[in-house]
Protein chains: 2
Amino acid sequence: MRTHELNSTTGGSRSRQKSQSVTLDVVARLAGVAPATVSRAINQPEKVAKKTLDRVNQAIASTGYVPNLLAGGLASNRSHLVAAIVPSIINLVYVETIQAFSNKLRDSGYQVLLGESGYGQETEETLVATVLSRRPDAIFLTGIQHSLNCRRQLLAAGIPVVETWDLTPSPLDLVVGFSHDRVGETVAEFLFQRGFERFGIVSADDPRAMVRNKAYVNALKGRGVNDVPVGIVEAVSSLQRGRQGLANLLDQGFGPGAVFCSSDTLAQGVVTEAQSRGLRVPEDIAVIGFGDQNFAAHIFPALTTVKIDRAAIGQKSAQALLARLNDEPVAESVIDVGFDIVARETA
Amino acid sequence: MRTHELNSTTGGSRSRQKSQSVTLDVVARLAGVAPATVSRAINQPEKVAKKTLDRVNQAIASTGYVPNLLAGGLASNRSHLVAAIVPSIINLVYVETIQAFSNKLRDSGYQVLLGESGYGQETEETLVATVLSRRPDAIFLTGIQHSLNCRRQLLAAGIPVVETWDLTPSPLDLVVGFSHDRVGETVAEFLFQRGFERFGIVSADDPRAMVRNKAYVNALKGRGVNDVPVGIVEAVSSLQRGRQGLANLLDQGFGPGAVFCSSDTLAQGVVTEAQSRGLRVPEDIAVIGFGDQNFAAHIFPALTTVKIDRAAIGQKSAQALLARLNDEPVAESVIDVGFDIVARETA
DNA sequence: ATGAAAGCGCTAACAA
DNA sequence: TTGTTAGCGCTTTCAT
């Protein structure tokens, strides 16, 4: 028996509280109905006579009854929990997607269980197992690369799955994202059109960024640009790492030219480093970021970047999952949210 | 019966999967032992003979068994879930605390259920109820202000509670944080010592920031400074709002002087706005932030700020909660993590 | 519209 | 060390 003593509101006396002893049965007895009726009153009030409903609600209020969703989930085989796995919770970019996802699901009575996988497949696999033990009704994944074991577990769980932030013709179930290949190409094209002659990269070593970088380099190669110096930094972007990245590039003799960054944060670091060295942006160093985060439009000079509708990824993921959960037909299992280049002052 | 079809690894065939039908009993039968033994093998392996353990583990591996924690939690009255409620999940400052909290708890087999309350007591109350229905073993709260109903619910739940990011002599149960009053005073003192003569504030309208502001203004008053213009912006800090905040102050005729910001993000906005107007930092506008976020040391000029050990709040909260959960004596129920002023270039 | 009864998958005494 | 027996608190047919 676990009980704990909490200070009362007055901060004074300490008395033993029986832990959560108000159950459905207690409410039922108090309302003079069967437990099943209380259950219905809570979950399908339209199936209960108004008079009964009132009595039940009053009993609930007077007891302060809080349903036990562990029991409910076990009995109904629906946990009303949706798991979401992101590489990093301190990366705003993913959190904004999760926020939209979460809000949309909340409206339908689901709660989101958030997990942080880091940028490796192994930790993802472990996390998926952990999270599946809570029997979520559906699961949100970041990226489309998962270990074989992870795929198996997901398959065995028999729940709707949405993979996000990328695209593939053959998703596990559903996929909502955009093409990183096309981003890389489009950025190359954009910078080329702007008349830059030297091109560099400052990128985190995350897999999706690498895809963009590769496409960028290839597109440039197609334009006759063969030397594209790269400054790779560790996976969690920060302003500091952006500064290091540019310093690195400059050390490699990178002259006047444009730098494609794998995130706006890194881009901001590049701008900062340039400024602190007295280099002009964009004349000496032009910069294009990725993400169009909130600050992008407001730093000085304003950041040119690739705009990703992060909230849309969350919303559409929720929407698709909800359709699955309601056994509605899903119009399309591959949803492309696209991207745009927002030309501001840095490139 | 909810079953869903997922593409198999090969992306080809679509076959119905029975949803998670591997239970403890199946594993037990396969291993030729009683269900209880499998349970022990998983939860207290030291109480099981090595030979038996091996057989069980093999059965688990070959079936891909994933325990059902809803059932486990119901039976044992321990969900191995700890709820954490923060005002905003897109505010890095709180998320960093949660990350440390989460990591520490993971080591002891707990998973964190994260909830976002916004900056109001009502939504917090609703969220607490929602979250308690999952029967968490403990709960992490941000701030010390909660509605009466919320306090009641928490009390009734009978679980350990830690309030954070603030201090009070009479916590609900445990509190880990620092004194916002003292921050305000200390900042005033610091700026005064540096020889500034005019003082302003750019602040979000969140309650804890307001406490700091008030203490700052009072301390200044004690020094004979009576006019402290304030630029208040909406609760979610952003670079843009920082810029607006300074613009606002400047419109009020704020001359050369120092500005105390309620977050580093706002401070960065203030610096940016100053720069974009050709004002010198710190000569014309000096700035002190709050938080010492990762970027603070690396923006240009480097930000002077109040350093809060956010990870320590998370760790110590986890530690204290863990002690409660293990029925160990808790040395102190009020834990002050303190703060420091980091003098860099902006003030 | 409501009630009775069975059981979801697991853990926790207690026996053996 | 292992097995047996009861539930945990709910939802869900199936009756009524």
Side-chain angles (χ1 to χ4, degrees), chain A residues 1-2 18-56 59-60 63 65-81 109 132-137 157-158, chain B residues 1-3 18-56 59-60 63 65-81 109 132-135 137 157-158:
Chain A
M1 204 77 326
R2 292 177 310 128
K18 228 327 221 348
S19 167
Q20 282 295 162
S21 51
V22 184
T23 66
L24 237 204
D25 290 57
V26 173
V27 175
R29 221 166 299 145
L30 212 154
V33 297
T37 302
V38 177
S39 175
R40 283 189 205 101
I42 294 171
N43 302 310
Q44 327 165 46
E46 72 282 2
K47 298 207 161 190
V48 172
K50 194 164 184 308
K51 277 193 124 175
T52 320
L53 193 57
D54 290 344
R55 284 224 310 286
V56 171
I60 290 177
T63 52
Y65 171 64
V66 177
N68 183 332
L69 258 42
L70 295 180
L74 180 59
S76 66
N77 197 29
R78 308 186 114 271
S79 61
H80 292 280
L81 212 52
L132 286 180
S133 66
R134 303 275 171 198
R135 294 297 184 269
D137 293 332
Chain B
M1 200 79 326
R2 294 177 309 126
T3 56
K18 241 297 233 4
S19 170
Q20 281 295 166
S21 52
V22 183
T23 68
L24 238 203
D25 290 56
V26 172
V27 175
R29 221 166 300 145
L30 211 156
V33 298
T37 302
V38 177
S39 175
R40 283 188 205 102
I42 294 171
N43 302 310
Q44 326 166 45
E46 71 283 0
K47 296 205 163 190
V48 173
K50 193 163 186 304
K51 277 193 125 177
T52 320
L53 192 59
D54 290 344
R55 284 224 309 286
V56 171
I60 290 176
T63 52
Y65 171 64
V66 177
N68 183 332
L69 257 43
L70 295 180
L74 179 60
S76 66
N77 197 29
R78 305 186 115 270
S79 62
H80 292 280
L81 213 50
L132 286 180
S133 66
R134 303 275 170 197
R135 294 298 184 271
D137 293 331

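Residue numbers start from 1 in every chain, and the chains themselves are labelled A, B, ... in the order their sequence lines are given, proteins ahead of strands. All values below were derived from every heavy atom in this structure, side-chain atoms included, with hydrogens, water molecules and symmetry-related copies excluded.
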Just distance, no hydrogens or angles: give the donor-acceptor pairs under 3.5 Å from side chains in residues 66-73 of chain B, sequence neighbours left out.
from, atom 1, to, atom 2, distance (Å)
B:Asn68, OD1, B:Leu70, N, 2.8
B:Asn68, OD1, B:Ala71, N, 3.2

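- Spacing between atom CG of B:Leu70 and atom C1' of C:dG7 amounts to 15 Å, rounded to whole angstrom units.
- When all heavy atoms of A:Val26 and A:Ser21 are compared, the closest pair comes out as CG2-O, 4.0 Å.
- Side-chain proximity of A:Ala75 to C:dT11, C:dG7, C:dG9: nearest is C:dG7.
- What separates CZ of A:Arg135 from C1' of D:dC10 is a distance of 17 Å, to the nearest Å.
- A:Arg55 has its CZ atom 15 Å from the P atom of C:dA1, to the nearest Å.
- Rounded to whole Å, atom P of D:dC8 lies 19 Å from atom CG of B:Leu24.
- In this structure, B:His80 atom NE2 and C:dT11 atom P are separated by 8 Å, rounded to whole Å.
- When each of A:Leu53 and B:Gly72 is assigned the nucleotide of DNA chain C with its nearest heavy atom, A:Leu53 is the one assigned upstream, toward the 5' end.
- Here the C1' atom of nucleotide C:dG9 and the CZ atom of B:Arg29 are 13 Å apart, to the nearest Å.
- With rounding to the nearest 0.5 Å, the separation of OG1 in B:Thr23 from OH in B:Tyr65 is 7.0 Å.
- With hydrogens and angles disregarded, a donor-acceptor distance shorter than 3.5 Å links the side chain of B:Asp137 to the backbone of B:His80.
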When the side chains of residues 31-54 of chain A are checked against the rest of the protein, which donor-acceptor pairs come out under 3.5 Å, sequence neighbours left out?
from, atom 1, to, atom 2, distance (Å)
A:Asn43, ND2, A:Ser39, O, 3.1

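- Listed in residue order, the members of residues 33-48 of chain B having a heavy atom less than 4.0 Å from DNA chain D are B:Val33, B:Ala34, B:Ala36, B:Thr37, B:Arg40, B:Val48.
- Atom-to-atom, CG of B:Leu74 to P of C:dA12 comes out at 12 Å; the value is rounded to the nearest Å.
- Taking atom CZ of A:Arg78 as the reference point, atom P of D:dC10 lies 18 Å away to the nearest angstrom.
- Each end of the helix from C:dA1-D:dT16 to C:dA16-D:dT1 gets its own rotation axis from five pairs of C1' atoms, and the angle between them is 20° to the nearest 10 degrees.
- Here B:Leu81 pairs with A:Arg134, B:Ser79, B:Gln111, B:Leu113, B:Arg134 under the side-chain contact (heavy atoms from CB on, under 4.5 Å) rule; sequence neighbours left out.
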